[in-house]
Chemist: 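Below is a structure I'd like to ask you about.
Computed from a prediction, not measured in an experiment: that's the story for all the values here.
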Amino acid sequence: MDRERAPGLRAAPFAPMPPTLKTSRLVLRPLGLGDLEDYTAFWQDAEVVRYISARPFTREESWKRLLLITGHWRLLGFGFFAIEERSSGRFIGEAGFQEMRRELRPSIEGTLETGWGILPAYQGRGYATEAIEAALAWAEVALPAPRYSCIIHPDNRASLRLAARLRFVEQTPADYLGKPVLILRREAPA
């Protein structure tokens, strides 16, 4: 098998610089080395990880995630964006896409697994919606015929409401790493 190609999403034909997207209130930009401390604080927030890992990430785990996300951009041409509030310049979360090759049934490989997270102090302001809408608009232009998925804990009502607003439709309940999740899918507009 060609080392550059594995089943599912294909490698990017070149390694583009991740774009910077701007909305009226946000800047979505590539994560970088200078984000490690803010990124660590983000992943150590109990409310951020409540439905993801149920435990805060260590600094080392945050570092590995930062490397994983930047590797997505290098190898696949997509990834997560750091979310900054335009008015303050503060790092307030992340949103974007990943391909994790999860051992999950039914499989979501070959889709853009869509995710988002906002620090609790910035929740309830529509920032996650604004960020994901900008990321989806970018993906629909930049990537060939994307199909999307997301996995959400069934108790995470806020994320389920947001997913529904973004036209994600529940497909099936599943189990991932011993925890219940809902798999949702969204087709790109025709």
Chemist: List the atom of Ser53, the atom of Lys179, and the distance in Å for their closest heavy-atom pair.
Modeler: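 Between these two residues, the closest heavy atoms are O-NZ, 3.8 Å.
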Chemist: How long is the straight-line distance from OG of Ser62 back to CG of Asp38, given to the nearest 0.5 Å?
Modeler: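 Result: 11.0 Å between the selected atoms.
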Chemist: Side-chain atoms of residues 138-151: list all donor-acceptor pairs with protein atoms under 3.5 Å, sequence neighbours left out, distances to 0.1 Å.
Modeler:
residue : atom : partner : partner atom : Å
Glu140  : OE2  : Arg186  : NH1          : 2.8
Ser149  : OG   : Thr111  : OG1          : 2.7

Chemist: One thing to verify: whether Glu47 and Arg50 come together as a salt bridge, which I'm taking to mean a side-chain N less than 4.0 angstrom from a carboxylate O.
Modeler: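 Here Arg50 pairs with Glu47 in a salt bridge, since their nearest N and O are under 4.0 Å apart.
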Chemist: Short question: side chain of Gln123, backbone of Ile118 - any donor-acceptor pair under 3.5 Å?
Modeler: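 A pair under 3.5 Å: yes.
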Chemist: Taking Glu130 for the side chain and Arg25 for the main chain, is one N or O donor matched with an acceptor at less than 3.5 Å?
Modeler: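 Present.
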Chemist: Give a yes or no on whether Leu67 and Leu36 share a hydrophobic cluster (residues Ile, Leu, Val, Met, Phe, Trp, Tyr; joining criterion: side-chain heavy atoms under 4.5 Å apart).
Modeler: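 Same hydrophobic cluster.
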Chemist: If we check salt bridge (charged side-chain N to carboxylate O under 4.0 Å, His left out) with Glu84, which of these qualifies: Lys22, Arg90, Arg29?
Modeler: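 Among the candidates, only Arg29 passes.
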Chemist: Between CG of Leu119 and CD1 of Ile92, what distance do you get to the nearest 0.5 Å?
Modeler: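 One gets 7.5 Å once the value is rounded to the nearest 0.5 Å.
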Chemist: May I have the step-by-step check of ring pair (Phe, Tyr, Trp, His ring centres under 6.0 Å) for Phe57 and Trp63, ending in yes or no?
Modeler: CA-CA 10 Å; Phe57 285 25; Trp63 170 247; over 10 Å; no
Chemist: Suppose we screen for side-chain hydrogen bond (donor to acceptor under 3.5 Å, both in side chains). Which residues come up paired with Arg105, at least two apart in sequence or across chains?
Modeler: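 Listed in chain order: nothing, the list is empty.
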Chemist: Using a 4.5 Å cut-off between side-chain heavy atoms of Ile, Leu, Val, Met, Phe, Trp and Tyr, which other residues end up in the same hydrophobic cluster as Val169?
Modeler: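 Joined to Val169, directly or through intermediates: none.
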Chemist: When you group the ILVMFWY residues by side-chain heavy-atom contacts below 4.5 Å and let the links chain together, are Leu104 and Met100 in the same group?
Modeler: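 In one cluster with Met100: Leu104, no.
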Chemist: Of the non-hydrogen atoms in Glu99 and His72, which two are nearest, and what is the gap between them?
Modeler: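 Closest approach of Glu99 to His72, heavy atoms only: N-NE2, 2.8 Å.
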Chemist: Which heavy-atom pair separates Pro120 from Val48 by the least distance, and what is that distance?
Modeler: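 Smallest heavy-atom distance, with atoms named: CD-CG2, 4.0 Å.
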Chemist: Please find the pair of heavy atoms, one from Leu28 and one from Ala134, that lie closest to each other, and give the distance.
Modeler: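 Heavy-atom minimum between the residues: CD2-CB, 4.4 Å.
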Chemist: Hey, are Glu37 and Arg59 close enough for a salt bridge, meaning a charged N less than 4.0 Å from a carboxylate O?
Modeler: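 Yes, this pair counts.
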Chemist: Taking all atoms of both residues into account, what is the closest heavy-atom pair of Ile152 and Ala163, and its distance?
Modeler: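 Scanning both residues completely, I find the closest heavy atoms to be CD1-CB, 3.8 Å.
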Chemist: Are Leu68 and Leu112 connected into the same hydrophobic cluster when the rule is that any two of I, L, V, M, F, W, Y join if their side-chain heavy atoms are below 4.5 Å apart?
Modeler: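 Leu112 and Leu68: one cluster.
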Chemist: Evaluate the ring planes of Tyr39 and Trp43, with Trp represented by its six-membered ring, and classify them as parallel (under 30°), tilted (30 to 60°) or perpendicular (over 60°).
Modeler: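 Perpendicular.
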Chemist: Same cluster or not: are Leu66 and Phe91 linked, directly or through other Ile, Leu, Val, Met, Phe, Trp or Tyr residues, by side-chain heavy atoms under 4.5 angstrom apart?
Modeler: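 Leu66 clusters together with Phe91.
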Chemist: For the CZ atom of Arg101 and the CD1 atom of Ile108, what is their distance to the nearest 0.5 Å?
Modeler: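 Answer rounded to 0.5 Å: 11.0 Å.
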Chemist: Would you compute the distance between atom CD1 of Ile132 and atom OG of Ser159 and round it to the nearest 0.5 angstrom?
Modeler: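 Answer rounded to 0.5 Å: 9.5 Å.
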Chemist: Check whether Asp45 reaches the backbone of Phe42 with its side chain - one donor and one acceptor, N or O, closer than 3.5 Å.
Modeler: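 No; zero donor-acceptor contacts below 3.5 Å.
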Chemist: Not counting sequence neighbours, which residues clear side chain to side chain contact (heavy atoms under 4.5 Å, CB included) with Ala158? List them please.
Modeler: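 Side chain to side chain contact (heavy atoms under 4.5 Å, CB included) check on Ala158 returns Asn156, Arg161.
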Chemist: Ignoring hydrogens, what is the shortest heavy-atom contact between Ala131 and Ile83? Give both atom names and the distance.
Modeler: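 Minimum heavy-atom contact is CB-CD1, 3.6 Å.
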Chemist: Membership question, hydrophobic clusters at under 4.5 Å side-chain separation (ILVMFWY): are Trp73 and Val27 in the same one?
Modeler: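 No, it is not one cluster - the side chains of Val27 and Trp73 are not joined through contacts under 4.5 Å.
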Chemist: Does NZ or CZ of Arg65 lie under 6.0 Å from the centre of the six-membered ring of Phe80, at an angle within 45° of the ring axis?
Modeler: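 Yes, Arg65 sits over the ring of Phe80.
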Chemist: How far apart are the C-alpha atoms of Glu170 and Leu160, what are their side-chain angles, what is the distance that settles it, and do they pass the side chain to side chain contact (heavy atoms under 4.5 Å, CB included) test?
Modeler: CA-CA 9 Å; Glu170 184 179 334; Leu160 289 170; 5.8 Å; no
Chemist: For Arg86, is the CZ atom crowded, meaning more than 12 foreign heavy atoms sit under 6.0 Å from it?
Modeler: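 More than 12 heavy atoms, drawn from other residues, nucleotides or ligands, come within 6.0 Å of this atom.
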Chemist: Tell me which pairs pass ring-ring contact (aromatic ring centres under 6.0 Å, His included) where either residue lies in residues 101-120, with sequence neighbours left out.
Modeler: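 Residue pairs with at least one partner in residues 101-120: there are none.
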Chemist: Looking at CZ of Phe97 and CD of Glu113, how far apart are the two atoms once the value is rounded to the nearest 0.5 Å?
Modeler: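 Atom-to-atom, Phe97:CZ and Glu113:CD are 11.5 Å apart.
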Chemist: Nearest 0.5 Å please: distance from the CZ atom of Arg185 over to the OG1 atom of Thr114.
Modeler: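 OG1 of Thr114 is found 11.0 Å from CZ of Arg185.
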Chemist: Run the side-chain hydrogen bond (donor to acceptor under 3.5 Å, both in side chains) test against Glu133 and tell me which residues pass, sequence neighbours left out.
Modeler: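 Partners of Glu133 by the side-chain hydrogen bond (donor to acceptor under 3.5 Å, both in side chains) criterion come out as none, since no residue qualifies.
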